*Asks:* 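I am attaching a structure below and will ask some questions about it afterwards.
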Amino acid sequence: MHKQTHIFLFLVIAILVSSCGKFEKIRKLTDEKKKYAAAVNYYKKGEFDKAGILLEEIVPIMKGGDDQEMATLSGLL
């Protein structure tokens, strides 16, 4: 039983680490359209914290564009 607990904890930690890695890779992207698409996907999944972080990074860059207006009016911010 003790061994099963260690295996379970290892799997949980591995999943958490891998999920954080994907988000950080998206944050490092320089293509704001890909970041925007990822933010919309996170928003649709209900992961509002991640969507908000990405949008805070790209909205100032996208000023004046259709995507920026859509992001602010649709309540993504």
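Small disclaimer: the values here were computed from a predicted structure and weren't measured.
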*Asks:* Calculate, to the nearest 0.5 Å, the distance between atoms CD and NZ belonging to Glu57 and Lys28 respectively.
*Replies:*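 Separation between the atoms: 11.5 Å.
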*Asks:* Within the 4.5 Å heavy-atom criterion, are Leu55 and Tyr36 side-chain neighbours or not?
*Replies:*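 Yes. Closest side-chain heavy atoms under 4.5 Å.
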*Asks:* Quick one: CG on Leu29 to CD1 on Ile58, what's the gap to the nearest 0.5 Å?
*Replies:*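 CD1 of Ile58 is found 10.5 Å from CG of Leu29.
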*Asks:* Got a second to check how far Tyr42's OH is from Glu47's CD, nearest 0.5 Å?
*Replies:*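 Those atoms lie 6.5 Å apart.
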*Asks:* Are Phe23 and Ile53 packed together at the side-chain level, in the sense that at least one heavy-atom pair is separated by less than 4.5 angstrom?
*Replies:*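 Side-chain contact under 4.5 Å: yes.
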*Asks:* Is Glu32 paired with Lys35 through a side-chain N to carboxylate O contact shorter than 4.0 Å?
*Replies:*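 Salt bridge absent between Lys35 and Glu32.
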*Asks:* Testing the basics here: between Tyr43 and Ala51, what is the closest heavy-atom pair and its distance to 0.1 Å?
*Replies:*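 Here Tyr43 and Ala51 meet closest at N-CB, 3.8 Å.
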